[in-house]
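By convention in this document, chain letters (A, B, ...) are assigned in the order of the sequence lines, proteins followed by strands, and residues within each chain are numbered from 1. This one's a predicted model, so the numbers in the text were calculated from it and none came from an experiment.
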Amino acid sequence: MVTSTSLVNPSVLAPFGVVATGSLVVLLLEVLVGKRQSFLGRPVTREFVGTLLSGVSSIFLFIALIVAAQFFATMPGRIVFDPAHPMVAMDRLTAFATILVCIGSIFTCWLASTYLDELRIHHGEFYALLLLASSGMVLLVQSVDLVTLFMGIELMSIPIYALAGFARRDLRSNESALKYFLVGSFTSAILLYGMALLYGATGSTDFVQIRQAFDASNLLAIAGLGLLVVGFAFKVAAVPFHQWAPDVYEGAPTAVTSYMAVAVKVSAFVALLRIAIQAFGPMDARLSDLFWVLSAASIVVGNVMAVIQENVKRMLAYSSIANAGYILIGLAVGTEEAYAAVLFFLLVYLFMNVGAFAVVITLATGGKDRDRYEDYAGLSRTRPTLAALLTLFVVAQAGLPGTGGFIAKFILFSAALKQGFVWLPVIAILGSAVSFYYYLRLPVLMYTRDPEGAAPRMETSTGEGLVLCTCAVAVLLLGLFPAAGPGFLSHFRALEWVRETVALLG
Amino acid sequence: MDLWTVVRALFIILVVVAAFAPVITWVERKQSAVMQDRIGANRADIGGITVLGLLHPLADVLKLITKEDFVPAGANRFLHALAPIIAAIPAIIGFAVIPYGATYQFPGHEPFTLVGADLDWGLLYIFAIGSLATYGSVLAGWASNSNWGMLGSLRASAQMISYEVTMGLSVVGVFMVYQTLELTDMAVAQDSTFHLFGFLETFGLVKTLPGWLSFAQLPFWGVFVQPLAFVMFLTCIMAENKRPPFDAPEGESEIVAGYFMEYSGMRFGLFYMSEFIEIVVIAGLLTALFFGGWSIPYLSKDELIAGMTPVMGVGLATALTMVAHVATFLLKVVIMIWLQMQIRWTLPRFRYDQIMDLCWKIILPLSLVNIFVTGAVILLVKGAP
Amino acid sequence: MVVPLEHVIGLSAILFTIGTVGALTRRNLVVILMSIELMLNAVNLSLVGFSRAFGEVDGHVFVLMVITVAAAEVAVGLGIVISLFRNRDSVNVEDVSLLKW
Amino acid sequence: MSFAAGLFYVMAALAVVTALGMVLNLRNTVAGAMCLVVTMISLAVIYVVLDAHFVAVLQIMVYAGAILVLFLFVVMLLNLRSDAFTPSRATAPKVVGAAVGVAVLAAFLAKLPDALPKVAEIPADFGSYRQVGLALYRDYVVPFEVASFLLLAAVVGAVVLAKRRLS
Amino acid sequence: MLAEYSGLLVILALAFFIAGLLRVAHRFLGGTQREFAEKQEPFECGEKQIVSPKQRYAVKFYLVAILFVVFDVEAVFFYAWGALFQELGWFGFVSMAIFTIPLAVGLVYEWQKGALEW
């Protein structure tokens, strides 16, 4: 069982390696710069440290992104780390997910540097932890083995526990970290028990071999699979495993919240997708039922609860629960087309959600978040551009035609309908209708009321501007060009990647 | 489980607990007296016979056992009683994996090894019970409801856990040389010699070693191939035992007696005993890891048996070899104990920050360097497989 | 194997349940953390049991990874408890009330 | 029943009892932590019975010797002697939850024997550090490297959260 | 393999026996117990106890314990590696070097952050 090591193909780990190396460099740089009076001829101030570290981090993430894109463009099929014990793989699905993760992380870097200044949180280890978490995500989407999957999840989660509590003097941040940690480690234990049972049922930790040995009538296999799905449901905050999400999202520094809402979700969903496709093959009917229930419950609860929130961060938390519900439709349907639609949905979700959080971040000032609804009253007068952008992002999330959100939902629901799933799209459309209420409440406040309370921050930093622009352009481009959705499927051949992944089962 | 297992175990207990440990308490007093130009303990007598004060350990035991079984107010009675036992047991069982003789085979019998338990992860056993020993001092201070006790137990546990890490890392080089975690195998590997200038041959600097160079041989002992590891390991393991100069946890000038301050009688006696038993265990461990265990330098076991067999037959030769080995081992242990005593009475107590700095800032990086230098040298000299 | 596999896996399931119940019902943060450790240990036990049954050591390697992760989790988790404790004098989950549980 | 099997059942009983002791003990967290130490040690003995020798010693070194020392440290130093468990709080859902848990467990245990794999023969050095180590450092080299980054994350996270002043 | 543990079992039993014996002997041979408030007081060099020992202590103690846990696990990976080193060859050497880099960076980080200061 011990094999020679000559066949090892380390290039598979290139994106992971770049991001992980980046974390080491940033950590050392922080230590090096932090003690100096001046660095590279500039005085070392809080702002300078923030800008420097965020810049260096985003360079590393950008390199990883390029590497992943290179893989994506030239990928002949799939390469694995070691044919005898694959552990991690690189195929186009992985490369695509890596790109999404890198984009999400770069956005977080750019948003964080000004945000941390405004909230008077030290910069220090923020970027190192962020890069470590990102490397965990990259590993997570690459995993084709339960052991690496588990390590990926943990490497993603542990830095985020610390990030959530990064505002050390803020009680809410402390408690957010605590809750995220308790839920996260509890989840890990459940997930792990599922993995152990799967190992017991199939005798292997490798996805391909698990699939070959998987016997849907075996108690261990079913229990293991169930626990695994429950664990992931916790991670992506699907109902009924969602109670932690609003609290954690609200308490954490907003830059971290957006990271949790986007990058964590994208990577967890891709990993779940890969397990669903690869480890259990053409969907086991019971698994599909499980996803169906999770999906419907998430859509209903997420949308209904979002209505009664008075805090924008909490509202966005519930809306992200609802979005998880939509994505789960694709997993419940389980056709290649549905999987491809999930990937497109994740792409759009990334931009519209980061965009919305970016506006909240850009408004933060004077050591405080501006995350209550009243804070947005009359924003069209004080910050007209921001008001317009926020309107765009929430409208996109609501799924109005002309935005990426509409196309994403459209192709997802039509994939479901094609497969004969009727109730799920109906529930989802009803849920979207409810979502209009809470999403459009923001534009209404911004455009019809007078400003109250303290004035928002009046300047937008370069990083924030870049993020806002990119997101807005992406949301519009993905929505306005009629071919964006189906074109994504055909032009980027998303269907093909899924087929590749399915076909490469060996 | 047969009778011999029990006998081998009993031998350890008798030698270590019943013979060495009490004598060491006497040695300690006598040596300190010698070094401080005093006479030292010599008063305890039975019928006027003092035997150089060797009766003092006995007097100690009698005194401690007849003292009042005392618990301070506010203490957690259960944990207060439990802590000394938790401290003593790891010390007593520590010697179990240390070989005090080689593997011998008498004609017509099964081969056997002179060791309490021949485990394939032998050294890790020492680390494992070492890590459990922490509980004794932690609980002792906490359970006795005393500020000095609590401070002592904090210091003790922080020091012990810190040095646990470095202690492990510092001997990794030894594992790399002997390719085993098993102490019996290490001793066997050390029962040979190596050419001091063998590397000249390996790197092709000379074709074959000239006779006068090949004559320069050293026993293949840990202390010769891993000198740095020896120094670091000695430091760490002495710090683990919390004896001077690492006795900040019980620094009597600051916190009186530290974690066992609220203990008297045999409760205290168990802490005291475990400290001295640990000295023996440390000596045995140092011997096994760095000084060839039972091996007699330049005279390997096989040579010895083969040399004596024509004269007296295999059985007697083996038996004599065995006795010689055990005696060698005990001699080395005695030397190692003397070394520890010497250090203990020579150096003044380190400050607590110095102790922690030594651990984290000096030994830890140094042991990592040692590991990789050793690795590179081994791979270059022996060639990668 | 000296005992039937179902006894090993059964023991692991029992310990896992005890840990789960502890993690969900107890309110002392440190006890919750310890319960989670117990759950991880239960997982390790079943991995060891399965590994023995298959005669492969993959399960053992998995256990090493779980131990590593457990250590990392505990380090961060207790760090969080300490930072919370510094800002607030409590380790009771129900006192974590700024955000509704 | 062989000695080893007997040992297994004794240790299993001990593990369950101490685990329950840890969870049900409401007054003294230190005692709870000590209970868990015993659980860990008895699990290590069980690992030995199951031929997982290397894992057994790591269980003692890391779980019993490191992780629980840390717990004990925190419990003692934060002075967490009492659990704020107030019976007046609605315990009914908890009782129901525990009952459901036990029911699920019973159902699982009842069906378990049919689902388990056959027990294979093992080589003599099964579970030795050699075998596990070779698998770890060759086949599982990726998770092994990742473990190091994971621990780095833990170090940074712990320092960020727990240190009083970050320079 | 299990046979090799029997010696351990014997020594463990003997250790418990010795420790237990000494405690029991102490219990029965120990002097009469006289408990009164002054004697039971925790010893504070003759002063009354001013503060309770059950208080919070410096965070560096936690910090060093947390770091210990992390580094202990790192060290564990070295043990088996060391004993298998010659078999693993340069592959093992390089993979361990890569493993050590984050550890070393972590150490440098702590050092510079003053987490190792007392």
Side-chain angles (χ1 to χ4, degrees), chain B residues 1 5-6 8-9 12-13 17 65-69 72-74 85 88-89 92-93 96 116-119 124 145-150 154 158 161-162 164-165 168-169 172 175-176 179-181 256 261-262 265-266 269-270 352-353 356 360-361 364-365 368 371-372 375 378-379 382 384-385, chain E residues 3-12 14-16 18-20 22-23 25-27 29-34 37 40-45 49 51 53-54 57 61 64-65 68 71-72 75-76 78-87 89-90 93 96-97 100 103-104 107 111 116-118:
Chain B
M1 189 185 307
T5 315
V6 180
R8 289 201 295 269
I12 289 178
I13 297 285
V17 182
I65 240 171
T66 49
K67 275 194 161 190
E68 182 183 334
D69 196 8
I85 296 180
I89 285 180
I92 298 175
I93 64 176
D118 192 6
L119 303 172
L124 297 190
N145 188 35
S146 153
N147 280 307
W148 304 140
M150 191 66 197
L154 278 181
I161 59 182
S162 300
E164 223 172 285
V165 173
L169 283 177
V172 170
F175 305 161
M176 292 165 77
Q179 285 298 285
T180 180
L181 292 176
V256 192
M261 191 183 75
E262 297 292 342
M266 210 57 220
L270 284 175
Y352 198 66
D353 61 327
M356 298 306 266
W360 289 101
K361 295 184 178 173
L364 182 57
L368 288 177
I371 288 170
F372 285 101
I378 288 177
L379 287 179
K382 285 200 162 182
Chain E
E4 284 151 27
Y5 289 85
S6 54
L8 198 57
L9 211 60
V10 174
I11 290 187
L12 198 59
L14 284 172
F16 270 101
I18 292 170
L22 289 172
R23 285 286 291 118
H26 183 207
R27 177 132 230 117
L29 300 177
T32 38
Q33 303 220 348
R34 284 186 215 90
Q40 303 297 115
E41 259 179 29
F43 177 71
E44 304 248 325
C45 304
Q49 200 168 43
V51 291
K54 304 288 185 277
Y57 287 88
F61 284 112
V64 82
F68 151 68
F71 278 94
D72 199 37
V76 158
F78 274 92
Y79 300 150
W81 174 82
L84 297 170
F85 175 71
Q86 296 186 15
E87 219 160 315
W90 283 110
F93 186 81
M96 188 47 93
T100 314
L103 161 71
L107 190 64
W111 195 329
L116 303 177
E117 301 299 329
W118 284 80

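Residue with the most contacts toward chain E among B/Ala158, B/Gly269, B/Ser162, B/Gly375: B/Gly375 (heavy-atom pairs, distance under 4.5 Å). Your options are B/Gln179, B/Met266, B/Met176, B/Arg8, and the one with the most heavy-atom pairs under 4.5 Å with chain E is B/Gln179. Across B/Leu364, B/Ile13, B/Leu124, B/Ile161, the residue that shares the most heavy-atom pairs under 4.5 angstrom with chain E is B/Ile161.
Using a 4.5 Å heavy-atom cutoff, the side chains of B/Ile92 and E/Phe16 are not in contact. The shortest distance between side-chain heavy atoms of E/Val64 and B/Trp360 falls below 4.5 Å. For the pair E/Tyr79/B/Phe175, a side-chain contact is recorded, criterion being any heavy-atom separation below 4.5 Å from C-beta on. With a 4.5 Å cut-off on side-chain heavy atoms, E/Phe78 and B/Leu368 count as touching.
Looking at E/Ala97, the atoms closer than 4.5 Å to chain B (heavy atoms on both sides) sit in the backbone and in the side chain alike. With a threshold of 4.5 angstrom between heavy atoms, B/Ile12 approaches chain E through side-chain atoms but not through N, CA, C or O. For B/Thr180, the part lying near chain E is the backbone, with the side chain staying farther off; criterion is any non-hydrogen pair under 4.5 Å. Residue E/Ile11 touches chain B through both its backbone and its side chain, counting heavy-atom pairs closer than 4.5 Å. Both the backbone and the side chain of B/Leu181 come within contact range of chain E, each with at least one heavy atom under 4.5 Å from a heavy atom of that chain.
Between E/Trp81 and B/Phe372, the ring-plane angle classifies as tilted under the 30° and 60° cut-offs.
Taking every heavy atom of both residues into account, E/Ala25 and B/Ile65 meet most closely at CB-CD1, 3.7 Å. The heavy-atom pair separating E/Trp111 from B/Pro365 by the smallest distance is CZ3-CG, 4.3 Å. The minimum heavy-atom distance between E/Gly7 and B/Ala9, with the atom names listed, is O-CB, 4.4 Å.
The CD1 atom of E/Ile18 sits 10.5 Å away from the CG atom of B/Leu270 when rounded to the nearest 0.5 Å. Remark: E/Leu103 CG to B/Leu169 CG distance equals 7.5 Å, nearest 0.5 Å.
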